[in-house]
Trainee: 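Quick one: the structure is below, and I'll ask about it shortly.
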Amino acid sequence: GAVVSQHPSWVICKSGTSVKIECRSLDFQATTMFWYRQFPKQSLMLMATSNEGSKATYEQGVEKDKFLINHASLTLSTLTVTSAHPEDSSFYICSAAIPGTVSSGANVLTFGAGSRLTVL
Amino acid sequence: GDSVTQMEGPVTLSEEAFLTINCTYTATGYPSLFWYVQYPGEGLQLLLKATKADDKGSNKGFEATYRKETTSFHLEKGSVQVSDSAVYFCALSGKGGGNKLTFGTGTQLKVEL
């Protein structure tokens with residue numbers, strides 16, 4: 001149980017185009033999802049917290065207009081990289097808190113397999 | 001701010017060897033500490049966690065002890081198997097930070113026959 005699915009797993013696009021990545025919770029409802037970005041040989045960096053029915057909360061330094069996040073339902077959050085450029089090439093990973101797993105203020109998170117974006 | 005430092009990989013071991021992956025952290029207060037594992041082609045999975053000093057998390061033969069005095073949470077396993085080959089991430093969740101995790105860079109483990 002508690003599976004998060006990401007799609008697509010990899011995408012190649014031309015510079016200037018927009019790319020949408022979907023994150024779905026398959027067997028549970030996720031009021032909150034998290035989007036991470038990972039550069040080669042670096043940590044996962046939290047980009048934003050996606051809240052169902054409201055605006056996403058972005059981390060410092062993350063461009064809101066570049067990385068559009070929509071959490072329209074309790075099982076789907078989308079990340080759209082707008083006007084993508086080669087420097088946006090990265091591995092994007094989403095996660096969601098597993099309901100009922102709060103421990104000392106921190107839920108256990110379940111992660112998607114990630115989406116690798118390559119911008120030419 | 002919070003940070004996690006873990007040893008660089010790849011770490012290559014023979015089957016049944018002893019494994020240690022070092023992890024140290026910097027955080028205010030008393031964070032919760034986690035080890036996540038990512039098998040090829042899959043998402044990160046929680047391996048074990050510890051929420052207070054001196055707690056020991058354990059799962060699938062892996063162990064890690066929350067050491068406040070050394071701000072460490074080293075991952076150990078007495079006898080690794082080929083199926084343990086994966087990337088291991090140390091992470092912390094700061095108090096009051098809710099579900100926000102700060103990750104280390106990940107350590108790739110390769111276990112050979």
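Numbered from 1 within each chain, the chains take letters A, B, ... in sequence-line order. Treat the numbers as computed from the prediction; the structure is a model and nothing was measured.
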Trainee: Contact part of B:Gln45 toward chain A, heavy-atom cut-off under 4.5 Å: side chain, backbone, both or neither?
Mentor: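 For B:Gln45, no heavy atom lies under 4.5 Å from chain A.
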Trainee: Under 4.5 Å heavy-atom distance to chain A, tell me which part of B:Tyr39 shows up: side chain, backbone, both or neither.
Mentor: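 Neither part; nothing is under 4.5 Å.
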Trainee: Answer yes or no: are there more than 12 heavy-atom neighbours, outside A:Lys66 itself, under 6.0 Å from its atom NZ?
Mentor: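 Atom NZ in A:Lys66 is crowded, with more than 12 foreign heavy atoms closer than 6.0 Å.
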Trainee: Could you look at A:Gln6 and say if it's the side chain, the backbone, both or neither that has a heavy atom under 4.5 Å from chain B?
Mentor: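 Answer is neither: A:Gln6 stays 4.5 Å or more from chain B.
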Trainee: Is A:Leu46 in contact with chain B via its backbone, its side chain, both, or neither, using a 4.5 Å heavy-atom distance?
Mentor: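 Contact with chain B: side chain only.
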Trainee: Heavy-atom count around B:Glu15 CD within 6.0 Å, excluding the residue itself: above 12?
Mentor: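 Counting neighbours around CD of B:Glu15, more than 12 heavy atoms of other residues, nucleotides or ligands fall under 6.0 Å, so yes.
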Trainee: In terms of hydrophobic clustering (I, L, V, M, F, W, Y; side-chain heavy atoms under 4.5 Å; direct or indirect links), are B:Phe34 and B:Val87 co-clustered?
Mentor: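 Yes, one cluster joins them.
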Trainee: Show the nearest heavy-atom pair for residues B:Phe89 and A:Leu44, with the distance to one decimal.
Mentor: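 In this case the closest contact between B:Phe89 and A:Leu44 is CE2-CD1, 3.4 Å.
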Trainee: According to a hydrophobic-cluster definition based on side-chain heavy atoms being under 4.5 Å apart (Ile, Leu, Val, Met, Phe, Trp, Tyr only), do B:Val37 and B:Met7 belong together?
Mentor: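 Linked, B:Val37 and B:Met7 end up in one cluster.
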Trainee: Counting a contact as any heavy-atom pair under 4.5 Å apart, which residues of residues 103-113 of chain B contact chain A?
Mentor: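 Answer by number: B:Phe103, B:Gly104, B:Thr105.
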Trainee: Same cluster or not: A:Leu68 versus A:Val19, using hydrophobic residues (I, L, V, M, F, W, Y) connected whenever any side-chain heavy atoms lie under 4.5 Å apart?
Mentor: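 Hydrophobic grouping puts A:Leu68 apart from A:Val19.
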Trainee: A:Leu109 and B:Tyr36: side-chain contact (heavy atoms from CB on, under 4.5 Å), yes or no, with the steps?
Mentor: CA-CA 10 Å; A:Leu109 300 185; B:Tyr36 280 83; 3.8 Å; yes
Trainee: Can you get from A:Met33 to A:Ile69 by hopping between Ile, Leu, Val, Met, Phe, Trp and Tyr side chains that sit under 4.5 Å apart?
Mentor: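 Hydrophobic grouping puts A:Met33 apart from A:Ile69.
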Trainee: Same cluster or not: are A:Leu117 and A:Phe91 linked, directly or through other Ile, Leu, Val, Met, Phe, Trp or Tyr residues, by side-chain heavy atoms under 4.5 angstrom apart?
Mentor: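 Different hydrophobic clusters.
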Trainee: Which heavy atom of B:Leu101 sits nearest a heavy atom of A:Phe111, and at what distance?
Mentor: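 So the two residues come closest at CD1-CZ, 4.2 Å.
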Trainee: Around atom CE of A:Met45, are there more than 12 heavy atoms from other residues, nucleotides or ligands closer than 6.0 Å?
Mentor: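 Count not over threshold, so no.
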Trainee: Where do B:Gln38 and A:Ala113 come nearest, in terms of heavy atoms and distance?
Mentor: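 Where B:Gln38 meets A:Ala113 most closely, the heavy atoms are NE2-O, 4.2 Å.
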